[in-house]
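Every number for a ligand or one of its atoms is a count from 1 in the order of the listing.
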Amino acid sequence: MIGPLDPRDASRSTIDAVADAFDRMTEVNAGPEGLNLILWTDRPRAAEAARICQRDVDAGREGGLLAGVPYVAKDNIVTTELRTTCGSRMLENYVSASEATVIARLRNAGAILIGKSNCDEFAMGSSTEYSAFGPARNPLDPTRVPGGSSGGSAGAVAAGIVSFALGSETGGSVRQPAAFCGVVGVKPTYGRVSRNGLVAFASSLDQVGVFGQTVHDAAMVMEVIAGHDPFDATSTDNPVPRYRDADERGVKGMVIGRPKEYFPPSLDPRIAALCDRALERLKAHGATIREISLPMTDLAIPVYYIIAPAEASSNLARFDGVRYGLRVRGNGLRDMYDRTRSAGFGPEVTRRILLGTYVLSAGYYDAYYKKAQAVRALIAGEFRRTFAAGVDLIFTPTTPSLAFKHGAKSDPYEMYLNDIFTVTANLAGIPGVSVPIGRLDGLPVGGQLLAAHFDEMGMFRGAYALERALGAEAHR
Ligand code: GLN
């Protein structure tokens, strides 16, 4: 159904590229049968930006790295020209007075924002079914979810509306939908990209991430948005290399670990087989494959689903004026539930606020939150030791399953389990990328490459090599 659009095709004007993106959006997005990937747009404004960009091109002025390339941003990244609702009724008409650093950097590089994409409310979810503005659909099979929480952005790239999009990652919200939609999704090292203007979910885990139709798209965008930002104290000043140079460097001599805990007996054997094919190809390109073990892996879901809700409950307190955490025993939780729901939050966000308040409350703090932090440190240590022992990259499946049907995971715990292979990177703060590695029953499968802190270059070397090695097989 979908062929890639390359807006950088020099024969096409910027004006045409933006018009094509809007036409494609009109064709697939709206209406009862539409994919509902994009929530807010302003075509005249985007067309004007395209006209200005084209005028510069015609005048022979040097454009930025992404001059004239249309893109969409997840609706939890603040913009001044379009609203930012975080997929929530709570912010239905909110337009920010300032814009996120990543949006400003993309504009300076010439990229043109054409829409804000659908997402699970406040980025909590794995399917984009928890958006207050209706669920998004997977462009490859509209009866299925595109993944989440950045499902709108992943779908917009997969549907050929744009060649890249911004998402956000707290526990896999870029890599998982990238895998479900058959596109590339990057989660940078914690501190690599400014979070200024990303609406906070869980501050110690959140990062802006990037979707691309290709590894190269994602590498170019990362070059533009990475780097220190005085507005985000957690952003670091490590130099930003030219990630696109990773393409030429290949994987020859790299050691790639295959952690046995990410290939449990319960894993769909067809997913495991596609992963092993991908590893074989990397080996043929000169990498060494090493069997490794990360025994803490099965603790990652419980740890994540304590820490993320705990941080969310304090971050979201600013929206509804309800003071959480005063009393959670007896009728306290029931009262809180009622107040949170009536404040305008949906059921999943309410669940997280309650869970978070509970694990932070006096009497439970040590048993849950403090313990989770201790185990988080062990998980991070396990990765650190693995990389220190000479493993350059870790390869795993991105998800344990294929894109599922709408409504298939109505039990929240089932939904949480889908994040098993992605939350570890957020807990450890390391970078990761999901690359398409093949299809099963027509549905995409993603392979994940994880690297050491700030080794995005190594991560991109692996991703470029994998994409090259699989060629068209990655998409069939
Ligand atoms: N699915 C995970 C959650 O619901 C991750 C979300 C995210 O990365 N924003 O918390």
Check: G125 N/O within less than 3.5 Å of ligand 1 N/O: yes
Ligand 1 atoms in contact with E169 (distance to a heavy atom under 4.0 Å): 8 (O)
Residue part near ligand 1, for A123, under 4.0 Å between non-hydrogen atoms: both
Heavy atom of the protein closest to atom 6 (C) of ligand 1 (residue, atom name, distance): S173 OG, 2.8 Å
Sub-3.5 Å N/O-N/O distance, G171 and ligand 1: yes
Closest protein heavy atom to atom 3 (C) of ligand 1, given as residue, atom name and distance to 0.1 Å: Y305 OH, 3.2 Å
Within-cut-off N or O pair, T170 and ligand 1, under 3.5 Å: yes
Any side-chain donor near an acceptor of the partner, N418 and S126, under 3.5 Å: no
Between T189 and E456: side-chain donor-acceptor atoms closer than 3.5 Å: yes
Side-chain donor-acceptor pair present, D206, S203, cut-off under 3.5 Å: no
Short N-O contact, R107 and E99, less than 4.0 angstrom: yes
Any A308 heavy atom less than 4.0 Å from ligand 1: no
For the student: nearest non-hydrogen atoms of S173 and K74, plus distance: CB-NZ, 4.0 Å
Donor-acceptor side-chain pairing of R258 and T396 below 3.5 angstrom: no
Within reach of ligand 1, part of Y416 (heavy-atom separation under 4.0 Å): neither
Atom 10 (O) of ligand 1 - nearest protein heavy atom and its distance: Y304 OH, 2.7 Å
Residues Y305 and D419: side-chain donor-acceptor under 3.5 angstrom: yes
Residue portion contacting ligand 1 (non-hydrogen atoms closer than 4.0 Å) for D419: side chain
Geometric cation-pi criterion, K409 with F404: 6.0 Å, 45°: yes
Any N or O of R352 closer than 3.5 Å to N or O of ligand 1: yes
Short N or O distance, S126 and ligand 1, threshold 3.5 Å exclusive: yes
Distance flag, aromatic centroids of F122 and F201, threshold under 6.0 Å: no
